[in-house]
Amino acid sequence: MDKTGASASERSHFIRQIIEEDIASGKYGGKVITRFPPEPNGYLHIGHAKSICLNFGLAFQYHGRCHLRFDDTNPMKENLEYVESIKEDVRWLGFDWKGHEYFASDYFDQLYEYAIELIKSGNAYVDSLSPEQIRHYRGTLSEPGKPSPYRDRSVEENLELFGKMRKGEFAEGECVLRAKIDMSSPNIVMRDPTLYRIRYRHHHRSGGKWCIYPMYDFAHCLSDSIEGITHSLCSLEFENNRELYDWILDKLNVYHPKQIEFARLNLSHTVLSKRKLIRLVEGGYVDGWDDPRMPTISGFKRRGYTPASIRDFCERIGVARRDSMVDLALLEHCVREDLNKHAMRVMVVLRPLRVVIDNYPENDTELLTAINNPEDREMGTRQVPFSRVIYIERDDFMEDPPKKFFRLAPGREVRLRYAYFIRCTDVIRDESGQISELRCTYDPATRGGDSPDGRKVKATLHWVSAAHAVRATVRLYDHLFIVENPAEEEDFTACINPGSLETLEGCMLEPGLENTPPGLRYQFERLGYFYADHKDSAPGRPVFNRIVTLRDTWARIQKQQQKK
RNA sequence: UGAGGGUUGGUCUAGUGGCAAGACGACGGGUUCUGGCCCCGUUAACCCAGGUUCGAAUCCUGGACCCUCAGCCA
């Protein structure tokens, strides 16, 4: 809550202000209709999530609606597989377009009619210059362009030529339809932009019906207009295109939505450009688009992130017009906050160290009560078996501990969570000198974890009974890049984190976890939040992905000590 | 160097002529059967220079720096 009493979910930003002014003035009849317009030529990433949350969120907040529209005007790059993955990702994020699913390609007939109208009013012409010539005629950033020699063809000739373009009487690249605006405009976008080009390509929806396809600038504004969009939100790079957006709608004298630009998301320690993402996949740096290290929606899903945490993140980063780089730590904070409240706690030992409790009866097993989630007592308790031989984390023992190490060491006493106090009496090594086992004694009076005499221990360790432990594979994920902004590096692949994935076999789970249904999330106590991978995990053969670690004060102390 | 945008603590965001606020991070402390959660505290910002004004992050002028645009991509 801020001082106005508004929660984060309703805090204002410049787009909300514009919408509220429009509602107040009755500009669009008080309606709010937005749209999310992906091109189906790749997978959605966290940057798209920002746009999805913004568009669907605004529509929800102002009781309007949000359309899902596929901007499929380029048959060379688009296909059905992407349409399906995009729909799945939007749904997973928790949004419903309620049947308002559209394709720019569905408007091809209408768009063609609009093009003819533009020709008839003298606002468009067929140009027969080659692509290279067009580039040359366009001029540069500082010099004006010059008119094409075909610019003054008659309406009749243009109509005939455009008809021939449609009928397939020209080769690709032989001619295009251009808007007739101003070759000396200081805005290069307005120097007679291309409206239609010829492509003899099968389209994933219209099939072979068309061999001419509209360009983004022509199709997008008119699609918005046809659908009655009120506020057309896009990223900053389309700022220069707004003049053309407005020009086309004005010349055609049709319903005119308002284009509003905002800054796209940049996230630290990752890349979000489609080109770089493709390079990661095709270069084999990651294992596909849904690799848990990928910033794609499917990657975050596979990693174990919750939709709610991503929505919360998108709300917290705000919406503004300046370029920014959001710290990945904020996303991690969001998922921790969500999972802290909802994830069941369990005990898992990642790197097992065998501990024998010498004074514990040889063949006894007892059941101890563990709390499933201290943040939500309604999640209840469970019984965890304890016996003479257990595993603890190798990191939880040091033979020669530094000052601030509170965990187990020779002669020292610690608590086993929900169980007993134990004291280390001996360290056993194998032939190579490696510590292979610890011998300890326990205090029977501390059953359940409390000492009747009131003596304190400085640490509580998680553990798993050796006789009851279940084996599993656990994958430890870390930032994909070791630098904050890989995009500004000469070769971004050179700063990929070599430790971004560590696969651990033979991790010891408390019993009951062997049949974890894929898709479930847990907190492994003292370690982090983990997800039973929905692809690789199966009942009886669990595989967990680490979503995020717990905040780790000890790790920070260690880092400080290393610096000294 | 033509045009369009932008610049508030380390990061993100608020502010719309009147006490520069919040979140994340970092640091310190309290609490604790998770070195988690929670609680408390500390740190730290208006790009620069003029001007208007009783008063400027906000308005004006000039400058610096950053981003976008020269696809028959979106």
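Keep in mind that what you see is a predicted model, and the values were worked out from it rather than measured. To find a chain, count down the sequence lines: A is the first, B the second, and so on, and within it residues start at 1.
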Between B:rG2, B:rA74, B:rG71, spot the one nearest the side chain of A:S142, thanks. B:rG2
Are the ring of A:W554 and the six-membered base ring of B:rG35 within the stacking cut-offs of under 5.5 Å and under 30°? yes
Report which part of the nucleic acid A:N241 touches: base, sugar-phosphate, or nothing (heavy-atom distance under 4.0 Å, all strands). base
Using the C1' atom as the reference point in each nucleotide, state the distance between B:rC60 and B:rU68 in Å, no decimals. 27 Å
Phosphate OP1/OP2 of B:rU11: any A:S324 side-chain N/O under 4.0 Å: no
Verify the contact: side-chain N or O of A:R191 to OP1 or OP2 of B:rG2, cut-off strictly under 4.0 Å; return yes or no. no
Regarding the side chain of A:L141, the nearest nucleotide among B:rA14, B:rA70, B:rC72 is B:rA70
Contact class for A:L330 (heavy atom, under 4.0 Å): base, sugar-phosphate, or nothing? sugar-phosphate
Output the rounded distance in Å from CG (A:D217) to P (B:rC72). 11 Å
Carboxylate-amine/guanidinium contact A:R264 A:E237, below 4.0 Å: yes
Hey, does A:E261 reach any base, or is it just sugar-phosphate, or nothing, if we go heavy atoms under 4.0 Å? nothing
Could you classify B:rG71 for me, syn or anti, using a glycosidic angle within 90° of 0 as syn? syn
Tell me what A:Y213 touches on the nucleic acid: a base, only sugar-phosphate, or nothing, going by heavy atoms under 4.0 Å. nothing
Any salt bridge between A:E39 and A:R69, counting N to O under 4.0 Å? no
Closest to the A:E239 side chain, choosing from B:rG4, B:rG35, B:rC72: B:rG4
Nearest listed nucleotide, side chain of A:R316, among B:rA70, B:rG35, B:rA23: B:rA23
Over all strands shown, is A:T194 touching base, sugar-phosphate only, or nothing at heavy-atom distances under 4.0 angstrom? sugar-phosphate
From B:rC27, B:rG36, B:rG5, pick the nucleotide closest to the side chain of A:L550? B:rG36
Regarding the side chain of A:R551, the nearest nucleotide among B:rG36, B:rG6, B:rG4 is B:rG36
Side-chain contact check for A:R242: nearest option of B:rG28, B:rG35, B:rG5 is B:rG5
Side-chain ion pair, A:R351 and A:E393, N-O less than 4.0 Å: no
OP1 or OP2 of B:rU68 under 4.0 Å from side-chain N/O of A:R264: no
Picking from B:rG35, B:rA14, B:rA74, the nucleotide nearest the side-chain atoms of A:A320 would be B:rA14
So does A:R199 get a side-chain nitrogen or oxygen closer than 4.0 Å to the phosphate oxygens (OP1/OP2) of B:rC73? yes
Spacing between A:H333 atom NE2 and B:rC38 atom P, to the nearest angstrom: 8 Å
Which nucleotide wins on minimum distance to the side chain of A:V326, given the candidates B:rC12, B:rG28, B:rU1? B:rC12
Side-chain ion pair, A:R321 and A:E261, N-O less than 4.0 Å: yes
Indicate yes or no: does A:R205 engage A:D106 in a salt bridge with an N to O separation below 4.0 Å. yes
Checking B:rA3, B:rU34, B:rC37 against the side chain of A:P186 (C-beta onward), the nearest is B:rA3
